Amino acid sequence: MIDMTPYSCMTREELEREYGSVLASYEACKAQGLNLNMARGKPAKKQLDLVSGLLTALTSAEECVDN
C-alpha cells in the first residue's frame with residue numbers, strides 16, 4: 001500500500017526519507033541513459049506533403065478578406 005500523506009503533513013524525517021526514495025528512483029531512471037523526446041510528435045514527410053499546399057493556397061491579402 002502506498003502512503004499518500006501530503007508533504008505538508010510529514011515530519012522532517014519523513015520528508016528526508018521520501019526525498020531519498022524519490023532521488024534513488026530518479027537516479028535509477030537517469031542511469032538507463034535514455035534519450036527521450038517528450039514532444040507531441042513529429043510529422044512524417046507524407047503528412048507534411050498532404051498539407052504543404054495550404055501554405056501557398058492564398059497568395060494575396062485580398063484573398064484573406066471576406067465581404
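All figures in this text were calculated on a predicted structure; none of them were measured in a lab. What's counted below: heavy atoms across the whole structure, side chains too, no hydrogens, waters or symmetry copies.
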Residue pair Arg17, Glu13: steps toward the salt bridge (charged side-chain N to carboxylate O under 4.0 Å, His left out) verdict: CA-CA 6 Å; Arg17 194 168 41 250; Glu13 293 78 24; over 6 Å; no
Shortest non-hydrogen separation from Glu14 to Met10 and the atoms involved: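 So the minimum-distance heavy-atom pair works out to OE1-CA, 3.2 Å.
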Nearest heavy atoms of Lys42 and Gln47, plus distance in Å: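 Closest heavy-atom pair between Lys42 and Gln47: O-OE1, 4.4 Å.
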Atom [atom1] of [X] and atom [atom2] of [Y]: how far apart are they, to the nearest 0.5 Å?
X: Ser52; Y: Lys45; atom1: OG; atom2: NZ; value: 8.0 Å
X: Glu18; Y: Thr5; atom1: CD; atom2: OG1; value: 9.5 Å
X: Tyr19; Y: Tyr26; atom1: OH; atom2: OH; value: 10.0 Å

